[in-house]
Amino acid sequence: METDPDDVLGRRVAPVPEPLRGDEAFTGASGPTDPFTVLDFWRYAMPDLRTNTTRGLLAEFLAHRALGARVRNGEWESFDVLTDDGLRVEVKASAYVQVWDQRGPSAIRFTRLRGRTGTARGGDGSEPTYNADVYVFALHTAPDHAAYDPLDLGQWSFYVLPGPRVEALAQTSLGLATLSRLAGPSVPFDALAARVRSADPRRSAGAAPGSVPAARVAASGPAPWRAASAAPADHIGEG
């Protein structure tokens, strides 16, 4: 691998991986074994799209698709989706129904609105910050386990706020009542892109959005990372 001459740490630059298809086989076993593939791993790692962590990833995927983003953001980034014209989008997810037994629907609260960022050269930022131009709050609205279908786009609703509006609140989380008051009515999946574009703070600031190449999202250069990315993307308790 090549070494980035501008990197004071002498890092080895990671290659940009090709997307997996799912039929790639595991190899290298020293003895006879039943064949298994990447698809088998995916089924093991994400067998249920209702779990908190996976639901957060699913919400990011839905926003990615709705906005027509072509490149998946690196998981070290301080926001979730980067559009082709450079809009940074943070996605939060929650639901009334969980994978465990419940006495009633969960109270909705979207947390972790701020994140600590850093660079390979400078390390972690000292304080958590608001790192997105637009925040998308994805709510799965199924009222009970029997009705819950994570693949039914009609069961998802989306609230959108400009990043400066979220930052001005100086809060680390938002309950559904406050979010509804600030963002107005939710929109369905089909209307998400238009709502996000209308909330783009660069429009009101008069800035001309510039095209961002795919290399911006690749692991080339001192990209920021999310310091606490291991925590679930959505929380369910109203506070």
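Reckoned from all heavy atoms, side chains included, excluding hydrogens, waters and symmetry mates.
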* Side chain proximity check, N52 to Q98, heavy atoms < 4.5 angstrom -> yes
* What distance separates Q102 CD from H145 NE2, expressed to the nearest 0.5 Å? -> 4.5 Å
* To do: Measure from the side-chain N and O atoms of S186 to the backbone N and O of S157, and report whether any donor-acceptor pair falls under 3.5 Å.
  => no
* Could you walk me through whether L174 and F137 pass the side-chain contact (heavy atoms from CB on, under 4.5 Å) test, one step at a time? => CA-CA 10 Å; L174 282 176; F137 302 88; 4.1 Å; yes
* **Contact summary for H64 and A69, nearest pair of heavy atoms** => CE1-O, 2.8 Å
* Over all atoms of both residues, closest heavy-atom pair of R70 and D84 -> NE-OD2, 2.9 Å
* Asked: Looking at L192, V134, L87, which hits side chain to side chain contact (heavy atoms under 4.5 Å, CB included) with R197?
  -> L87
* Any link between V81 and L153 through a network of hydrophobic side chains (Ile, Leu, Val, Met, Phe, Trp, Tyr) touching at under 4.5 Å? -> yes
* Out of curiosity, L20 CG to E18 CD, how far, rounded to the nearest 0.5 Å? -> 9.5 Å
* Gap separating the CD atom of E90 from the CG atom of L161, nearest 0.5 angstrom -> 13.0 Å
* Between W156 and L62, is a side-chain contact (heavy atoms from CB on, under 4.5 Å) present by the stated rule, with each step listed? -> CA-CA 10 Å; W156 289 90; L62 294 179; 3.8 Å; yes
* Salt bridge or not for D133 and R202, using N-O below 4.0 Å? -> no
* Does any non-hydrogen side-chain atom of L139 lie less than 4.5 Å from one of Y96? -> yes
* Asked: At what distance, to the nearest 0.5 angstrom, does CG of D200 lie from OG1 of T83?
  -> 7.5 Å
* Between R195 and D190, does a salt bridge (Lys or Arg N to Asp or Glu O under 4.0 Å) hold up when you go through it step by step? -> CA-CA 10 Å; R195 178 63 63 87; D190 295 341; over 6 Å; no
* With a 4.5 Å limit on heavy-atom distance, are the side chains of I108 and L179 in contact? -> no
* For V160 against A199, the heavy-atom pair lying closest together -> CG1-CB, 3.7 Å
* To do: Let me see the working for R88 and L82 under side-chain contact (heavy atoms from CB on, under 4.5 Å), right down to the final yes or no.
  => CA-CA 5 Å; R88 301 168 303 163; L82 181 68; 4.1 Å; yes
* For the pair R114 and T172, evaluate side-chain hydrogen bond (donor to acceptor under 3.5 Å, both in side chains) and give the outcome as yes or no after the intermediate values. => CA-CA 6 Å; R114 298 183 298 177; T172 59; 5.5 Å; no
* For F26, does the CZ atom have more than 12 heavy-atom neighbours from other residues, nucleotides or ligands under 6.0 Å away? -> yes
* Asked: Could you go step by step and tell me if L39 and D23 meet the side-chain contact (heavy atoms from CB on, under 4.5 Å) rule?
  -> CA-CA 6 Å; L39 179 58; D23 61 351; over 6 Å; no
* Shared ILVMFWY cluster between V91 and L151, side chains joined below 4.5 angstrom? -> yes
* Structure fact -> In short, P105 meets P143 closest at the heavy-atom pair CG-O, 4.3 Å
* Between T37 and E24, do the side chains contain an N or O donor and an N or O acceptor separated by less than 3.5 Å? -> no
* **ILVMFWY network linking L169 to Y159, side-chain heavy atoms under 4.5 angstrom** => yes
* Asked: Would you say the side-chain atoms of Q171 pair up with the backbone N or O of A168, donor to acceptor, closer than 3.5 Å?
  -> no
* Asked: Are K92 and D80 within salt-bridge range, i.e. N to O under 4.0 Å?
  -> no
* **Path from W42 to F61 over hydrophobic side-chain contacts below 4.5 Å** => no
* How many angstroms lie between atom CZ of R109 and atom OG1 of T178, to the nearest 0.5 angstrom? -> 7.0 Å
* To do: Apply ring-ring contact (aromatic ring centres under 6.0 Å, His included) to the pair H140 and Y148, showing each step before the final yes or no.
  => CA-CA 8 Å; H140 196 277; Y148 198 123; 4.1 Å; yes
* **Any donor-acceptor pair under 3.5 Å from N131 side chain to T129 backbone** => yes
* Taking side chain as C-beta onward, heavy atoms only, is F79 less than 4.5 Å from N73? -> yes
* Asked: To the nearest 0.5 Å, what is the distance between CZ (F158) and CZ (F189)?
  -> 6.5 Å
* To do: May I ask you to decide if the ring planes of Y135 and Y130 are parallel, tilted or perpendicular, using 30° and 60° as cut-offs?
  => perpendicular
* **Closest approach of A147 to Q155 (non-hydrogen atoms, all atoms of both residues)** => O-NE2, 2.8 Å
